[in-house]
Each structure stands twice: as structure tokens, then as C-alpha cells.
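Side chains are part of it too, since the values below use all heavy atoms of this structure and drop only hydrogens, waters and symmetry mates. Remember, it's a predicted structure, so these values are computed and weren't measured experimentally.
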Amino acid sequence: MNYTRLEWRDGQPYSERFDDVYCSSHASGQTEQGGEGEFRHVFFAGNRLPDRWCGDTDRLQGFTIAELGFGSGLNFLLTAREWLQRQQQDEAVKADAVNDIAGPQLNYIAIEKYPLSPDDISRITAMYPGLGALADELCQHYPAAVRGNHVRYLFEGRIRVCFCFIDALQALAGRRFAVDAWYLDGFTPSKNTSMWTAGLLDAVAGNSRASATFATYTAAGEVRRNLQSAGFRVDRVKGYGNKREMLRGELLEVESGRSTAETHEGGYRLKDKPWSMLPDPDNQTDGPVTIIGAGVAGLSIADAMCRRGRQVTIIDRQPGIAQATSSNPAAIVYPRLSVADHTANAFFTAAFCHAVALLDELQQEQGRAFWFRTGLQQQIEKQRLDKILAQDIFSDEWLCAHRQDDVQYALLPTAGYVLPSLLCEALYKRCGNRLDYIQADIDAISRDDGRWRCYSAARQVSSSACLIIATNFHSPPVEADDMSWLNIDRVGGQSVSVMADTHSSSRIDRVVNAGSYITPEHDGVHHVGASYRTAETSMSGVDDTETAGLLDAFRNFVAAAGDYPAESVWVGERGIAGDRMPVIGACPDADFFYRYYSD
């Protein structure tokens, strides 16, 4: 996947693919510039946003807008300006003195199968005075051209954007976005029919809250009929500029049990399968959150919860954060890519892109360096790499082939390595006063009166409506179920630090991942890891054989005969699932699961 190409004709930006204008810089008989005037008339007024945003109910709960056809981002920027201005004017919403989070959050779902580049977006939005700072913020956080979903937080967390760089129906299939207002802004139906089909507009209805609204510039008969069939009341009203009519309306009802889980190609269905059902957005847990585990996982979750305005308590056996697995001196950051498993590719790609964006953002906020986007080269068979590249998920700048010393590598220029302990410190610091830390060894968990209660030596340590366990293999028992049936293996290993010299530094200017990983020089050393030991062997203590193997891997790559002894050795352990996939979600009822879904 690459950014789509843009053409300029008589000062107007056109899609090369659809031969249609993104937005007009002028409109006959209008005082405002065309794109801005159309936004105000069609989408802003058409969805009754000025009135709806003044009501306490919608404002205090936040608001969700979805746009089909994000294009230049102009509608988003104009919406953001209106939202932020109203927050500043609303004396009832006070800025959080600790985290500088003001009022409810605007959720914006930006669906675009053929995204423009940040440079093209900047050039288009430059036609509209007053959007410069907003456009700079958008371009700074704009995702790479990688197919999938990318979540970003803009304007100090006041607006959350989910960029869906995929087919529109695929973006909505099986989801429950709970949208309050829709901007239906695809290219004209005669040139891009896929954005106006009955199936897609059914998915729009299925991802809507009760009484959700829509607005669109088109008044095409087929679009009107498809919207009505999907359950919307459709009104034909005066269009913008020279357009005689446009459509707007409101969802009348959503059929009970309605599902949008069919893929756009048909065939595969997720309907009514419990393991595929997403949480009900109208039935979310409020109030304080307890997290067990103060490593990278636990603190990343704490950061996400604090961003949502939640009060968080972290509990850990250790006297401070990042003192177990997350005390690892260095960890490499890269996606696990598959030749055939497209679902796994989608997950790991989205996770990697999100991680890089989060690390970039955190690093900008911190003075001490902990994230090094050096690039990474991973040894791989050429045939395997060719199949991965053929999937059209990644841009050329994101993943490409690279050869060194006649060895084939996959090169990921945006990957790198992180210092986990300093990362944890950065996350902890950003949570501010919303985060409390308790040192305790939790040995029992119970639930009553809708609250999770954590105990240490029969003493209640915490009580909250939401509990998250992020403790590797040290999972405390939840009532009668100790969760051992989840089959989490205990795995150990070690890494070594090797003194850098001029030769090694010149050979290793990016992370190398070839059986063992080697980082570029940092504070005078290279980090090399990691060995792998199972529960049948000792989990603690330095293993000289493993140390020798890591040092041999380093010498072989730098192609030097000199002596490179280990300056230091780190030994740790972690939990890992049998399939190497993350284990995440609501704690299941094991007996029920095996009784009804054993097949």
C-alpha cells in the first residue's frame, strides 16, 4: 500500500483514481471558500451539531463522528476547530489541572481506503486560512501508509481519531462504533459506487447509536433508497452552492440482533459467536481501575485509562515499577509478520504502528532518551519476504528488502529498540496524580456487589469496578479459578551487554535481528539477546553456555576476530502463550467455555 496520487487542475485537487475533486476552493455565489462553506451547510448543520453539542447529555458523554471518505481531512479539521472552540467557551467544563484533559472527548472515525500523503493534505488545507496549526497537528500524527486501523490522540487528548485505511465495508464489518453523526462524503456515486451500496449503508446503520444522524452532499435516488432501506428517515433539503438538493436524516430504529459481521466479500460470518462479540459501548464500566502488574503492559494500560479520565491503582509485588521482566536493559520493537495468516498480520501491524506512534509521542515529552527509531533488519528467506510484500499491506518506506553480506533481510525503517525501565518511568510520569502505586503480593481476588476485591495475606488491598491483570505468569487466583487452564508457559533467558568499538559501531547502525538481536551502540555498549530457556531448566542465574552463544552471534555479525567479552549479563523470565499470541480480554468462565464450546 502507498499513499494515493493527487493531481492539481486549475488550482483544484483531484483524485487521479476517481477523476473527482477532493474539495473546491470556491463556490459560485458564496462568501466562504467552497470546502469550508460546504462543511458548514452539509455536514455541520446537516447533522444539527451546533444544537446537539450545546446539550449536556451529548457533551458530557463525548461524541462520535464517522466520515466515509476522509480525503484531505478538511471536514475533520473544521470539525476539530468547532469542537475545541466550544470546549474553550463552555465554562461548565474545566481543564484537568493534572493531565490537561478538558471535557469530554470527541471520537472521530476516519475511513479512507486510498489515503493522501501528509504533504498533499498540508498543501490542500493551506488553501483555508486559519487551519494552519490544526493541520500541522494532524500531519504530525498522521499514520504511515499501512493498511489497517490506526488510533491517534490529537490536541492534548481532546480528540481521538481512528484512521481506517481499508475498504469502508471492511472497516465497519463486525464493529460496534456507536456513531452519533455520519459524514457521508465519498466521491460522487457515479464515479465511486462502492461507497454508496445498500450493504455499506446497512453497516452504517448497524454501527449507529439510536437516533444517529447522517448528512451528505448527494441527492442521488439510489443513495436515498439505500439509506431508507437501512432504517434512516431521509430528508431532501437545499444543497450547497449550485446544488439543488442534498440528503440528511436520522436513524429511526435498529433491528434487534442486527449484525454487520459479514465481510464485504461475503462468505465468512462472525454473527452471534460469543468470542467475536465486541463490548457494548453503552454498557461500559465507569469509575476507578485496578491493575496488577507494574511493567510495560500494566503501565501502558494505566496510561490509556488515565487518558480517558479514569483514576488508576497499580499493585505490584516489587517496591517500584519495572523491576521484573520490564527491567530488561533493551527490547527491540518490530512486528511479527506472517506469510498466510492475514488476521495475525493485521493485528501485529496495527499494534506496531500504534506502539511507534505512542513511543514517538512519549519521547517528545521526555528529556531522557529511551526510544531509538534506528530501523531494524530481520534475517528472512527471500521467498518468504516476497510473499509478505505481495500482500499490499505496507508502504515501500515501511517495509522493503535489504541485502548485507549476501544475506537477505527485511528492512523496517521505523522499527528500533526501547529501554523498558525508562519507558515505564515515562508512562508513570504522564499518568500524574491519576495513578496510585501499592506494593503488595496479591494472593486472592473475589467479586461481590459489582466490585473486584484484591487481597494480600487476607487483607483487602483494593476494591474497584474494573480489574486488569498484567502480571506475566504470576496470575493471582480469581475466586475458584486460578486461570492455570490458560496454558501460559514460564520462559526464561538472558541478554548481554558488549563494549562497543569503532568497528562494531560502523557495522551496526540499526537493530539486527538474525537469530539473536543486536542493538546499535548506546552508552558505549551493544545489547545482545536473548537466549531461551524453559521451565525444565533453571529460571535464575547466569548460564555460561548461553552467554557464550550470544557473544558468538555478536562476533559473527561484526566479522571481527577480537575479544568481545560480556560487560554485564541480565537474566529474566516471562510468560508466553503456546501460540505466541497476546492473551487479552474479559476473564472467562472456564467451566462454561469448555462445556458449550469444546468443539
Side-chain angles (χ1 to χ4, degrees), residues 1 62-68 70 73 75-77 79-80 83-84 99 101 104-113 115-116 118 121 134 137-168 170-180 183 207 278-279 281 284 289 296-297 299-310 333 335 343-365 371 373 393-395 398 414-415 423 426-427 430-431 468 582 584-585:
M1 179 184 184
F63 201 84
T64 299
I65 294 173
E67 180 175 16
L68 299 190
F70 182 75
N75 289 334
F76 165 73
L77 293 173
T79 301
W83 178 265
L84 296 173
N99 291 318
I101 299 173
Q105 189 178 75
L106 174 65
N107 296 301
Y108 200 99
I109 300 162
I111 300 176
E112 179 58 71
K113 185 177 181 180
L116 288 168
I121 288 176
L134 297 172
E137 177 93 355
L138 170 61
C139 291
Q140 179 184 347
H141 292 86
Y142 195 71
V146 178
R147 194 169 304 284
N149 299 324
H150 310 273
V151 175
R152 300 289 187 270
Y153 291 87
L154 279 67
F155 311 109
E156 299 177 321
R158 292 169 172 83
I159 300 179
R160 175 184 183 272
V161 187
C162 179
F163 295 94
C164 302
F165 287 172
I166 49 179
D167 176 83
Q170 184 182 357
L172 299 178
R175 305 300 295 266
R176 301 186 67 175
F177 277 127
V179 175
D180 296 291
Y183 296 173
N207 278 273
L278 298 175
Q284 299 294 306
V289 177
V296 170
L299 284 161
S300 295
I301 298 168
D303 177 64
M305 291 294 100
C306 290
R307 278 179 174 239
R308 290 162 172 78
R310 309 287 285 273
V333 180
T343 301
N345 272 350
F347 171 79
F348 283 110
T349 299
F352 172 73
C353 291
H354 182 78
V356 168
L358 174 65
L359 291 168
D360 285 346
E361 180 182 288
L362 270 172
Q363 186 62 83
Q364 289 181 358
E365 297 172 2
W371 161 232
R373 199 205 272 207
I393 300 175
F394 320 104
S395 65
W398 196 87
T414 60
L423 167 60
L427 291 166
R430 186 159 76 169
C431 290
I468 299 169
I584 186 170

Atom [atom1] of [X] and atom [atom2] of [Y]: how far apart are they, to the nearest 0.5 Å?
{"X": "Trp83", "Y": "Phe155", "atom1": "CH2", "atom2": "CZ", "result": "13.0 Å"}
{"X": "Thr64", "Y": "Asn207", "atom1": "OG1", "atom2": "CG", "result": "11.0 Å"}
{"X": "Asn75", "Y": "Glu67", "atom1": "CG", "atom2": "CD", "result": "4.5 Å"}
{"X": "Phe163", "Y": "Tyr108", "atom1": "CZ", "atom2": "OH", "result": "9.5 Å"}
{"X": "His150", "Y": "Phe165", "atom1": "NE2", "atom2": "CZ", "result": "6.0 Å"}
{"X": "Arg160", "Y": "Leu154", "atom1": "CZ", "atom2": "CG", "result": "12.0 Å"}

Within-4.5 Å side-chain heavy-atom neighbours: [X] and [Y]:
{"X": "Thr414", "Y": "Arg373", "value": "yes"}
{"X": "Thr79", "Y": "Ile159", "value": "no"}
{"X": "Phe352", "Y": "Trp398", "value": "yes"}
{"X": "Gln170", "Y": "Arg147", "value": "no"}
{"X": "Tyr142", "Y": "Pro115", "value": "yes"}
{"X": "Leu427", "Y": "Ser300", "value": "yes"}
{"X": "Leu423", "Y": "Leu359", "value": "yes"}
{"X": "Arg430", "Y": "Cys306", "value": "no"}

Could you go through the side chain to side chain contact (heavy atoms under 4.5 Å, CB included) check for Val289 and Ile301 one step at a time?
-> CA-CA 10 Å; Val289 177; Ile301 298 168; 5.8 Å; no
Check side-chain contact (heavy atoms from CB on, under 4.5 Å) between Gln363 and all other residues, then give those that pass, not counting sequence neighbours.
->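 Expected list: Gln366, Ala369, Phe370, Trp371.
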With sequence neighbours left out, what residues match Ala171 under side-chain contact (heavy atoms from CB on, under 4.5 Å)?
-> Ile111, Cys164, Ile166
If you take all heavy atoms of Val333 and Ala415, which pair is closest and at what distance?
->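 Scanning both residues, the minimum pair turns out to be O-CB, 3.1 Å.
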Between Tyr153 and Gln105, which heavy-atom pair has the shortest distance, and what is it?
-> CE2-NE2, 3.6 Å
Distance-only, no hydrogens or angles: does the Arg152 side chain make a donor-acceptor pair with backbone N or O of His141 under 3.5 Å?
-> yes
